[in-house]
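First the structure, in the form of structure tokens, and then the observations on it.
Below, read A as the first sequence line, B as the second, and so on, with proteins coming before strands; counting in each chain starts at 1.
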Number of protein chains: 2
Amino acid sequence: MAVFPRPPLPGSPRSLEPCLSCDARADSVCNAVDDEHLARLAELAVVSDVQAGQTFIEEGDPADSFFNLTAGSAKLYKLMADGRRQITGFVAKGHFLGLAVSATYAFSAEAIEPVRLCRFSRSRMFRLLGDFPALERRLLERAATELVAAQEQMLLLGRKTARERVASFLHTQSLAAPCGRARNSIELPMSRGDIADYLGLTVETVSRTLSRLRGEGLIEIPSATMVLVRDPGRLAVLAAG
Amino acid sequence: MAVFPRPPLPGSPRSLEPCLSCDARADSVCNAVDDEHLARLAELAVVSDVQAGQTFIEEGDPADSFFNLTAGSAKLYKLMADGRRQITGFVAKGHFLGLAVSATYAFSAEAIEPVRLCRFSRSRMFRLLGDFPALERRLLERAATELVAAQEQMLLLGRKTARERVASFLHTQSLAAPCGRARNSIELPMSRGDIADYLGLTVETVSRTLSRLRGEGLIEIPSATMVLVRDPGRLAVLAAG
DNA sequence: GAGCCACATTGATCTGGGTCAATGAATCCG
DNA sequence: CGGATTCATTGACCCAGATCAATGTGGCTC
């Protein structure tokens, strides 16, 4: 079922190298482990690359890996039998995946941009956690953060209008922007369809709503994958309802 | 801002008693701590009672307590400025609350039925966690379980029809029913308004949908607070879309 | 047990966002 | 560079569920 690259692309699965040179380390739970103990973690890690559009976690598959996303971005989603899709989140560098307790994954994950993954055996990872309480604490913190975000998303999906949803999305994306980025410029690597499935809307409504926000001078849309926020204050007010 | 009973009702805040005799212990994260170490936990706990309808966590208040619900049931919700409300979950005996990492609570909590709470100082609780890795692991497992449930709820709110939402709700409630309960009988301590705010619908739609399901012979509604599932199979199919 | 009050149900109508249908704009190749 | 393919936008129309408006109904108090 899982569309996983076989064999996992080369990389250096059994050396310390992938961790020490990992440019996601600062953003990731791994930085709870200090340099001298990093080897224990590194020897569990298998690095692999996934190209854009490829699914690397399939809902319902045995959940035997734990992932850390070290480059690129991906979408997490759930599907219904008739194809209806809900994207539950977009994840970027530094995000971990596969905490799920059940024996199978509760969601699918697909790369939006080319992704680099650091993959761990779940069972070995969990055994290792016992020796690294700081790492476990970090996981707990991340899980708590995600729960808060999930509750906010439930408010959006259950009670906000299309306009408020799109404004909230843009607002959140502008806050989550990589720090190197120009103020008020939002890069949207995902398609309109993805945004729609994230916000519980249709492509048409997302497109219309963006056009309307542009018409009102709140944003500019220099290209389909970029949005400039002209009035962050008004956008924030709109997002809050 | 917080409507918290002052002074916290009597109980035995500084004895082992509340933990050893706690009938939620089996369902709760506390059972990761064995009898001999329970005293360390018990000395942090303050037991208090909250009557139905009373708010005991207020969104935005400083998040300095960690709660364990040991009796009754409560609803968790987020409010928008104009009063729109999204209930993010119903919690019962054994559930913990207040994991949130930020300095303030991200949601409010209100008792539906009279609630008994076991309250801990968050800072002391987190310090204690270092000595009880099993307890921390349990928290992580619970958090992961809640994340999975949250993703399922996002699918419901973003993509399911009213009919599917109500069916999903009944289906989930029937699975979560206390084990002592008669098969297929669902107790609904919350109001129709609460159900509506949980499912992202209006009271009228919830009521109409329940009536329709009854008309189709899927369920019976002997009283407003009780539902009997006549055809669990068909209900499950409906819930899945 | 009469009157009240909050909640639930049911009906009539309205509307935000979905659906269906073109049309435009990029990107990809050969 | 031109045709194709995919994605985004825009328009016309429709419908599931919201809103507005009564009408039940069970649980209080007095």
Side-chain angles (χ1 to χ4, degrees), chain A residues 51-53 75 80 82-86 110 112-113 156-170 186-216 219-227 238 241, chain B residues 51-53 75 80 82-86 110 112-113 156-170 186-216 219-227 238 241:
Chain A
Q51 58 194 152
K75 56 195 177 199
M80 293 176 65
D82 60 6
R84 276 176 285 174
R85 183 178 69 155
Q86 179 64 38
E110 180 185 320
I112 293 174
E113 301 168 303
L156 179 148
L157 292 170
R159 290 300 181 216
K160 290 188 181 178
T161 65
R163 202 171 150 74
E164 289 162 350
R165 293 181 200 204
V166 172
S168 298
F169 174 69
L170 294 176
I186 309 173
E187 183 71 39
L188 299 176
M190 68 294 285
S191 71
R192 295 291 187 269
D194 288 344
I195 298 175
D197 283 346
Y198 180 58
L199 299 178
L201 300 170
T202 58
V203 186
E204 293 93 329
T205 299
V206 169
S207 186
R208 267 188 265 270
T209 306
L210 285 171
S211 297
R212 188 167 156 215
L213 293 177
R214 180 186 48 198
E216 294 168 5
I219 59 173
E220 281 175 54
I221 312 177
S223 88
T225 60
M226 161 134 340
V227 170
L238 228 183
Chain B
Q51 58 192 154
K75 56 194 177 201
M80 293 176 66
D82 59 6
R84 277 176 286 173
R85 183 178 68 154
Q86 179 64 39
E110 179 185 321
I112 294 175
E113 300 167 305
L156 179 148
L157 292 170
R159 290 301 181 215
K160 290 188 182 180
T161 65
R163 201 171 151 73
E164 289 163 351
R165 293 181 200 204
V166 172
S168 298
F169 175 69
L170 293 175
I186 309 172
E187 183 72 39
L188 300 176
M190 69 295 284
S191 71
R192 294 291 186 269
D194 288 344
I195 297 174
D197 283 346
Y198 180 58
L199 300 179
L201 300 171
T202 60
V203 187
E204 293 93 328
T205 299
V206 169
S207 186
R208 266 189 264 270
T209 306
L210 285 171
S211 298
R212 186 167 159 217
L213 293 177
R214 180 185 49 198
E216 294 168 4
I219 60 172
E220 282 174 53
I221 311 176
S223 88
T225 60
M226 162 135 342
V227 170
L238 228 184

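In this model, the phosphate group of D:dA16 is not approached by any side-chain N or O of B:Thr161 to a distance below 4.0 Å at OP1 or OP2. Side-chain nitrogen and oxygen atoms of A:Thr202 include at least one within less than 4.0 Å of the OP1 or OP2 phosphate oxygen of C:dG18. Close to D:dT9, at under 4.0 Å from its OP1 or OP2, lies a side-chain N or O of A:Arg192. Of the side-chain N and O atoms in A:Ser191, none sit less than 4.0 angstrom from OP1 or OP2 of D:dC7. Note on B:Ser207: a side-chain N or O is less than 4.0 Å away from OP1 or OP2 of C:dT9.
Nucleotide C:dG16 holds its C1' atom 12 Å from the CD atom of A:Glu164, rounded to whole Å. Here the P atom of nucleotide D:dA8 and the CG atom of A:Asp194 are 8 Å apart, to the nearest Å. Between the CG atom of B:Asp197 and the P atom of D:dA18 there is a distance of 11 Å, given to the nearest Å. A straight line from CE of B:Met190 to P of C:dC7 spans 15 Å, rounded to a whole angstrom. Summarising the geometry, the separation between CD on A:Glu204 and P on C:dG16 is reported as 18 Å, rounded to the nearest angstrom. Atom CG in B:Leu157 sits about 15 Å away from atom P in C:dG17, given to the nearest Å. Rounded to whole angstrom, the span from the CD1 atom of A:Ile221 across to the P atom of C:dG24 amounts to 19 Å. With rounding to whole Å, B:Met226 atom CE is found 20 Å from D:dT25 atom P.
In this structure, B:Leu156 and B:Arg165 approach most closely via the heavy-atom pair O-NE, 3.4 Å. Taking both residues in full, the closest heavy atoms of A:Leu238 and A:Ala167 are given as CB-CB, 3.9 Å, listed atom of the first, atom of the second, then distance.
Within the nucleic acid shown, A:Leu210 has no heavy atom closer than 4.0 Å to any nucleic acid atom. Among the heavy atoms of the strands lying under 4.0 Å from B:Arg214 are primed sugar atoms or P, OP1, OP2 only; no base atom is included.
When each of A:Arg159 and A:Ser211 is assigned the nucleotide of DNA chain D with its nearest heavy atom, A:Ser211 is the one assigned upstream, toward the 5' end.
Put simply, the side chain of A:Lys160 reaches to within 4.5 Å of the side chain of B:Met80, judged on heavy atoms. Using a 4.5 Å cut-off on side-chain heavy atoms (C-beta onward), A:Thr202 and A:Arg208 make no contact. Considering only heavy atoms from C-beta on, A:Leu201 comes within 4.5 Å of A:Val166 through its side chain.
Closest to the side chain of B:Ala224, from the set D:dA18, D:dG11, C:dA8, is C:dA8.
Judged by atom type and distance alone, A:Arg208 reaches the base of D:dG11 through a side-chain donor-acceptor pair under 3.5 Å. Contact of B:Arg212 with C:dT9 (side chain to base): no donor-acceptor pair of N or O atoms is detected under 3.5 Å. Side-chain atoms of A:Arg163 and base atoms of C:dG17 include no donor and acceptor less than 3.5 Å apart.
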